[in-house]
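Computation of the quantities below employed the complete heavy-atom set of this structure, encompassing side-chain atoms and omitting hydrogens, waters and symmetry-equivalent molecules.
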Amino acid sequence: MSTFAYRAKDEQGLVKTGIVEAVSSLAASEVLHGHGLTVVTLEPQLQRKHAISKYIPFVNKVSRKDIVVFSRQLSTLINAKVPIVQALDILSEQISNKILHQAILDLIEDVTGGKSLSEAMTRFPEVFSDLYVHLVKSGELSGTLDRSLLYIADQQEKDYDLVSKVRGALTYPIFIVTAIFVVGALMFVFVLPQLISVLNEAGAALPLTTLILIFVTQFVQHFWALILLIVIGGIFAFEFYIHSRSGRLVWDNVKMKFPVFGKLLKNIYMDRFALNLSSLVAGGIPIVHALQTVAAVIGNKVYQEIILEAASEVETGKSIGASFAEHHEIPKLVTQMIKIGEQTGTLDDILGKLANFYDKEVATTLNTLTTLMEPIIMILLGVAVAVMVAGILLPIYNLASAQ
């Protein structure tokens, strides 16, 4: 059971806030809807036992790759007419991830007790997202669970490939920049103090670059503990701020205004939105629930609130396209395509085409970003070398020449 903080409007349009307990965000939305409230925002509350995993990566996590493999294998077994409990039992022996292994054992217990697979999965929102549960439920109702699981695996794989492309494109630049800072730090701590002693003993007139390096080196030597404390404190303060509701909204908004990176992030969010909403609509999930589910997995607070607002307005009879048209953050292409899909009854197909379009846009932007980063890195290396030459090697050479 999870706890969610909500902002909702009652039948008179008054804003209500509070908390609600439910097994998933979808269940929480249904509880609030049953009380005559229209959800505006719905945020999971961090429980104490998950506090560490929120700030430390890879703690209490199941990777997307693990879920893809599990979904494909379960789909194959179900397609081979293996009973669901037996199929889960077979997979439990092959899963190495402890969290996923325990979740499968609990699924076996729940399904044996009479629950459906989708109902049992709602107990594990940290493993099976609302999107995943919705598509499994759709497969159960239509008798095509094996195909639904295969579809889930394909979609998860696309999302995994997208993230991998971004990480792959940024790995080299990040490595080079990190190496520059590490080498620079080692120079300030071990090399420069020795060289500065030689320059000071010589008593020669020193250029401005050298004087600045001397000042920085001495400052680091005397206040390294303070610098380290400020850096660590700054990192924790930043992490705390961006995990608050207002801080996350500000940070997600700022990210999208970065040169080049902002465009890349917008394309990624639109790709994720179109891909996931297409999957849910094609699976027969009601559009309001589909929008609420996509809002939870979009990965950006700005777009999350826009999508949740659209879900609330759709309940009152407004179209998604009309709601999106009020927000400049949503590209006009997306708004127009959704309007066409709604008018022609082909929303899932239109969203699928949008996802393919933005997938190509992400690839193009990544290529552009990679091309731009190479000269920037060379400039950084050149500046670093120039500073070292002008500040240290040139004075030493001048001293040697004078002697």
Side-chain angles (χ1 to χ4, degrees), residues 24-27 29-30 64 67-68 70-72 74-76 78-79 116-119 121-122 128-162 267-299 303-304 306-308 310-311 313-315 318-324 330-331 333-362:
S24 67
S25 60
L26 174 63
S29 298
E30 290 176 346
R64 189 179 282 105
I67 295 297
V68 168
F70 166 76
S71 302
R72 290 200 184 282
L74 185 58
S75 171
T76 301
I78 293 174
N79 184 258
S116 66
L117 180 61
S118 59
E119 187 180 2
M121 284 179 170
T122 58
F128 305 106
S129 65
D130 282 346
L131 176 71
Y132 196 106
V133 174
H134 274 309
L135 292 174
V136 169
K137 186 175 182 180
S138 173
E140 289 173 330
L141 294 174
S142 61
T144 58
L145 181 57
D146 57 331
R147 277 185 284 174
S148 290
L149 288 167
L150 196 59
Y151 186 75
I152 291 169
D154 288 339
Q155 302 302 75
Q156 292 270 354
E157 212 159 38
K158 286 181 182 178
D159 205 21
Y160 177 76
D161 288 342
L162 178 63
N267 289 340
I268 289 172
Y269 296 137
M270 288 298 97
D271 187 4
R272 189 174 293 163
F273 164 77
L275 183 66
N276 290 328
L277 188 59
S278 172
S279 303
L280 291 170
V281 173
I285 305 302
I287 191 64
V288 173
H289 288 168
L291 287 168
Q292 291 170 345
T293 301
V294 172
V297 299
I298 193 70
Y303 284 116
Q304 182 187 57
I306 291 172
I307 296 168
L308 286 174
E313 292 180 343
V314 167
E315 279 192 310
K318 198 172 185 178
S319 69
I320 302 172
S323 179
F324 279 1
I330 304 293
L333 172 65
V334 175
T335 301
Q336 294 300 324
M337 292 290 281
I338 288 176
K339 285 181 178 179
I340 293 171
E342 289 177 313
Q343 291 168 2
T344 59
T346 58
L347 183 59
D348 58 332
D349 185 51
I350 291 290
L351 288 168
K353 291 177 180 177
L354 268 176
N356 290 333
F357 169 78
Y358 277 106
D359 191 44
K360 293 176 183 177
E361 283 291 296
V362 169

Could you go through the side chain to side chain contact (heavy atoms under 4.5 Å, CB included) check for I350 and I338 one step at a time?
CA-CA 7 Å; I350 291 290; I338 288 176; 5.7 Å; no
If we only count heavy atoms from C-beta on, is the F357 to N267 side-chain gap below 4.5 Å?
no
What's the separation between atom CG in D349 and atom CG in L354, rounded to the nearest 0.5 Å?
10.0 Å
OG-CG distance between S278 and L351, expressed to the nearest 0.5 angstrom
5.5 Å
Side-chain touch L74/L117, heavy atoms, less than 4.5 angstrom
yes
Please lay out, stage by stage, how I285 and T293 fare under the test side chain to side chain contact (heavy atoms under 4.5 Å, CB included).
CA-CA 10 Å; I285 305 302; T293 301; 5.7 Å; no
Donor-acceptor contact present, side-chain E157 to main-chain V68, <3.5 Å:
no
Answer yes or no: is there a donor N or O on one side and an acceptor on the other, between the side chain of N276 and the main chain of R272, under 3.5 Å?
yes
N79 CG to L145 CG distance, which is reported to the nearest 0.5 Å
10.5 Å
Inter-residue atom distance L275.CG - L280.CG, 0.5 Å rounding:
10.0 Å
Stepwise, does the side chain to side chain contact (heavy atoms under 4.5 Å, CB included) test hold for V334 with Y358?
CA-CA 10 Å; V334 175; Y358 277 106; 3.4 Å; yes
Check whether any side-chain heavy atom of Y303 sits under 4.5 Å from a side-chain heavy atom of I330, and report yes or no.
yes
Tell me if the NZ atom of K360 is crowded by more than 12 foreign heavy atoms within 6.0 Å.
no
Show, in sequence, the C-alpha distance, side-chain angles and deciding distance for L277 and I287, and conclude whether the side chain to side chain contact (heavy atoms under 4.5 Å, CB included) test is met.
CA-CA 9 Å; L277 188 59; I287 191 64; 4.3 Å; yes
Kindly compute the distance separating CD1 (I67) from CZ (R72), expressed to the nearest 0.5 Å.
13.0 Å
What are the two closest non-hydrogen atoms of K339 and A322, and how far apart are they?
CE-N, 4.0 Å
Donor-acceptor under 3.5 Å (E342 side chain, S319 main chain)
no
L291 to I307 - nearest heavy-atom pair and separation:
O-CG2, 3.2 Å
Looking only at heavy atoms, what is the nearest atom pair of S148 and G139, with distance?
OG-CA, 3.1 Å
Could you give the distance from NZ (K353) to CD1 (I340), rounded to the nearest 0.5 Å?
10.0 Å
Where do A355 and A274 come nearest, in terms of heavy atoms and distance?
N-CB, 3.7 Å
So does S118 get a backbone contact from the side chain of E140, meaning a donor-acceptor N/O pair under 3.5 Å?
yes
As a quick check of understanding, evaluate ring-ring contact (aromatic ring centres under 6.0 Å, His included) for F324 and F273, giving each step before the final call.
CA-CA 13 Å; F324 279 1; F273 164 77; 5.5 Å; yes
